[in-house]
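Since the structure comes first, as structure tokens, the remarks are kept for the end.
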Number of protein chains: 2
Amino acid sequence: MAVQPPRPKLPPLTALRAFEAAGRLGGFTPAARELGVTPGAVTAHLKTLESALGVQLFERRHKGVALTELGARVLPDFTRAFRQIDAAVQRLETEAAPGLVRIATTQDLAQLWLSPRLPRLRRAGLQVVPVPVDGPEAARGIADLALFAREGEGIAAPLIAVAAPGLVEAQLPALDPAEALVLAGPLGDWEVWAKAAGHAGFQPRGPVHGSAALALEEAANGAGVLVIARPLAEAALGQGRVVDPYGVTADSGVSLALWPLRDLPEGSAAATVLAALL
Amino acid sequence: MAVQPPRPKLPPLTALRAFEAAGRLGGFTPAARELGVTPGAVTAHLKTLESALGVQLFERRHKGVALTELGARVLPDFTRAFRQIDAAVQRLETEAAPGLVRIATTQDLAQLWLSPRLPRLRRAGLQVVPVPVDGPEAARGIADLALFAREGEGIAAPLIAVAAPGLVEAQLPALDPAEALVLAGPLGDWEVWAKAAGHAGFQPRGPVHGSAALALEEAANGAGVLVIARPLAEAALGQGRVVDPYGVTADSGVSLALWPLRDLPEGSAAATVLAALL
DNA sequence: CGTTCGGCTCAGAAAATCTGAGCCGAGGCT
DNA sequence: AGCCTCGGCTCAGATTTTCTGAGCCGAACG
């Protein structure tokens with residue numbers, strides 16, 4: 001008879017969303033990435049949900065988690081339901097701002113690859129906005145297109161070395177480890193490039209940058225030689241801010257990929273932009 | 001190019017829920033009732049949503065609001081989507097606690113009408129829990145059945161007058177305005193009863209109670225005569241705690257209604273309870 | 001046997017959400 | 001005209017939710 005505490009409430013939508021993501025992706029950590037929160041937050045949500053319902057949704061394994069039988073049974077319903085919500089939101093946003101195309105990408109790709117290509121699209125009346133996200137997983141529902149580097153097919157992204165024109169002058173600069181600027185990540189892989197250039201085992205010792213834009217700026221300012229994926233350096237090469245003194249190209253294995261994050265209606269602004277950029 | 005503030009996010013689910021409810025119910029106030037919050041909270045949600053999207057979803061009319069053309073266009077998608085969520089939650093809860101049946105009702109009905117009937121159901125292995133809510137509108141999604149007084153068909157709820165047995169003794173108590181206990185609301189309508197009893201125009205002056213349980217307790221303790229819907233007094237009459245000294249019955253126009261808040265699968269615990277209580 | 005992976009816990013911080021009270025304009029009523 | 005009611009708005013402040021960050025722990029990997 002005890003009529004529970006004051007306000008009976010439905011389980012919080014945000015906890016349900018966490019359950020859905022964790023179930024679909026098979027873990028709290030990937031779910032956290034998708035939701036743009038820390039894993040601890042997901043843990044907390046699931047704990048809330050499970051204790052509110054008095055049921056276990058996940059089995060805690062030594063490494064990771066797995067849906068319980070009950071969890072697996074109800075998950076598809078939630079996946080469907082949230083997909084519908086996302087679709088409705090997408091539609092609303094599209095209708096709210098027709099002609100606006102959001103591209104989820106990294107700061108670097110936005111600045112060095114996308115930005116130079118936008119003016120032409122703008123002139124065609126398409127409003128394109130880069131949305132900075134940590135990774136493709138976090139792009140769910142917040143953009144129309146995704147642009148990221150990834151292994152496999154796409155826009156080729158071979159590695160080249162670049163340096164300030166002033167550094168080259170009459171002769172090729174010697175490869176000095178102390179002046180070898182490093183861009184972290186596969187888009188700035190010195191090892192691969194050095195091998196292709198016949199300097200296998202070369203150890204760059206210059207400053208390490210996380211940002212391609214900054215690394216490129218440094219190179220343009222004469223700080224040294226930088227290995228970088230060509231598409232990122234194209235604008236700077238075109239403006240003569242850097243040059244490719246060695247002419248050595250190496251395949252990094254990754255390429256730039258641009259893909260739709262949802263169904264793009266035929267002839268929609270997003271579809272047009274996608275076609276124009278490829 | 002300005003890459004907006006740090007974290008691009010999807011519109012908060014709770015604001016979307018507010019939009020859906022307001023759109024479906026045609027106003028912020030009814031939506032607030034359904035969501036169990038104040039109208040101000042709904043106003044705020046809609047403001048958030050509209051400014052996040054940069055779109056007007058509602059036209060503000062002098063009295064109330066109306067969906068804009070855009071709002072009306074997208075509303076059905078959201079209604080469908082949230083219905084799916086609710087259904088998924090219902091299913092999850094049912095699977096989490098099979099045999100548990102939640103009945104949304106008022107404190108009074110739970111205590112005076114439902115409670116006496118539960119032991120029999122419990123003996124049949126059905127776990128029935130009353131969920132106290134403000135009104136039927138607020139019951140959405142948090143219970144399986146709803147039990148409320150309302151105009152129209154249902155379990156008849158004629159008005160009778162009751163008093164403590166000690167008050168009656170040898171003769172009928174005179175109708176003393178000062179000892180006429182009042183239960184607020186249609187389930188305690190003195191005017192209707194008095195007219196049926198041939199005392200048209202009688203003005204009760206006793207204490208006014210909002211709670212039927214409390215009013216009945218007062219009557220049982222000899223505080224005076226109380227007009228109340230018979231179903232609420234049945235248990236007390238059966239125990240001899242109060243008696244019906246006048247034997248006058250008046251139709252209040254309202255009755256008790258018990259109805260399902262969602263599809264009840266054939267043979268489910270909720271369906272069984274519904275059948276047993278009617 | 002050290003390292004990595006993934007989840008858990010806890011305290012504190014930040015943000016979302018809610019309330020309550022009063023305001024305002026329009027329409028209905030007398 | 002004057003009064004009342006209705007429904008939404010605003011604002012400050014309170015409350016609750018949600019999130020982070022740092023450290024812990026056990027198992028699997030190599």
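Every chain is numbered from 1 and lettered A, B, ... according to where its sequence line falls, protein lines coming before strand lines. Values reported hereafter were calculated over all heavy atoms of this structure, with side chains retained and with hydrogens, waters and symmetry mates removed.
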- Qualifying residues under salt bridge (charged side-chain N to carboxylate O under 4.0 Å, His left out), relative to B/R24, sequence neighbours excluded: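 For B/R24 the salt bridge (charged side-chain N to carboxylate O under 4.0 Å, His left out) partners, ignoring immediate neighbours, are B/E20, B/E34.
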- Got a sec, which residues hit salt bridge (charged side-chain N to carboxylate O under 4.0 Å, His left out) with B/E191, two or more places apart in sequence or on another chain?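 None.
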- Message: Show the nearest heavy-atom pair for residues B/L109 and B/A149, with the distance to one decimal.
- Response: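 Closest pair (atom of B/L109, atom of B/A149, distance): CD1-N, 3.9 Å.
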Given 3.5 Å as the limit, does a donor-acceptor pair link the side chain of [X] with the main chain of [Y], or not?
X: A/T68; Y: A/E59; answer: no
X: A/E218; Y: A/L226; answer: no
X: B/S252; Y: B/L187; answer: no
X: B/W190; Y: B/L183; answer: no
X: B/R60; Y: B/F58; answer: yes

- Task: Inspect the contact between A/D86 and A/R17 and indicate whether a charged nitrogen and a carboxylate oxygen are less than 4.0 angstrom apart.
- Result: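 Yes.
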- Message: Closer than 4.0 angstrom, basic N to acidic O: yes or no for A/R80 and A/D77?
- Response: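 The answer is yes: the pair qualifies as a salt bridge.
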- Message: Taking any heavy-atom pair under 4.0 Å as a contact, classify B/T38: base, sugar-phosphate, or nothing.
- Response: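 Base: the residue B/T38, judged by heavy atoms under 4.0 Å, touches a nucleobase.
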- Message: Base, sugar-phosphate or nothing for A/R61? Non-hydrogen atoms, less than 4.0 Å.
- Response: nothing
- Got a sec? Which of residues 14-26 of chain A come in under 4.0 Å of DNA chain D, heavy atoms? A/T14
- Message: Counting only heavy atoms and a strict 4.0 angstrom limit, can you tell me which residues of residues 40-53 of chain B come near DNA chain D?
- Response: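 B/T43, B/K47 - these, ordered by number, are the residues of the stretch whose heavy atoms sit under 4.0 Å from the strand.
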Spacing between [X] atom [atom1] and [N] atom [atom2], to the nearest angstrom:
X: A/L13; N: D/dT17; atom1: CG; atom2: C1'; answer: 13 Å
X: A/R33; N: D/dC19; atom1: CZ; atom2: P; answer: 17 Å
X: B/E59; N: C/dA26; atom1: CD; atom2: P; answer: 16 Å

- Task: Could you list all the side-chain hydrogen bond (donor to acceptor under 3.5 Å, both in side chains) pairs where at least one residue sits in residues 136-152 of chain B, not counting sequence neighbours?
- Result: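 Pairs touching residues 136-152 of chain B that pass the test: B/R102-B/D144, B/D144-B/R262.
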Side chain of [X], heavy atoms from C-beta onward: which of [options] has the nearest atom to it?
X: B/F28; options: D/dC19, C/dG6, D/dC9; answer: D/dC9
X: B/P12; options: D/dC9, C/dT19, C/dT17; answer: C/dT17
X: A/V37; options: D/dG7, D/dT20, C/dC18; answer: D/dT20

Check the interface with nucleotides 4-6 of chain D: list each N/O to N/O pair with the protein under 3.5 Å, or write none.
{"unit_1": "D/dC6", "atom_1": "O4'", "unit_2": "B/K63", "atom_2": "NZ", "d": "3.3"}

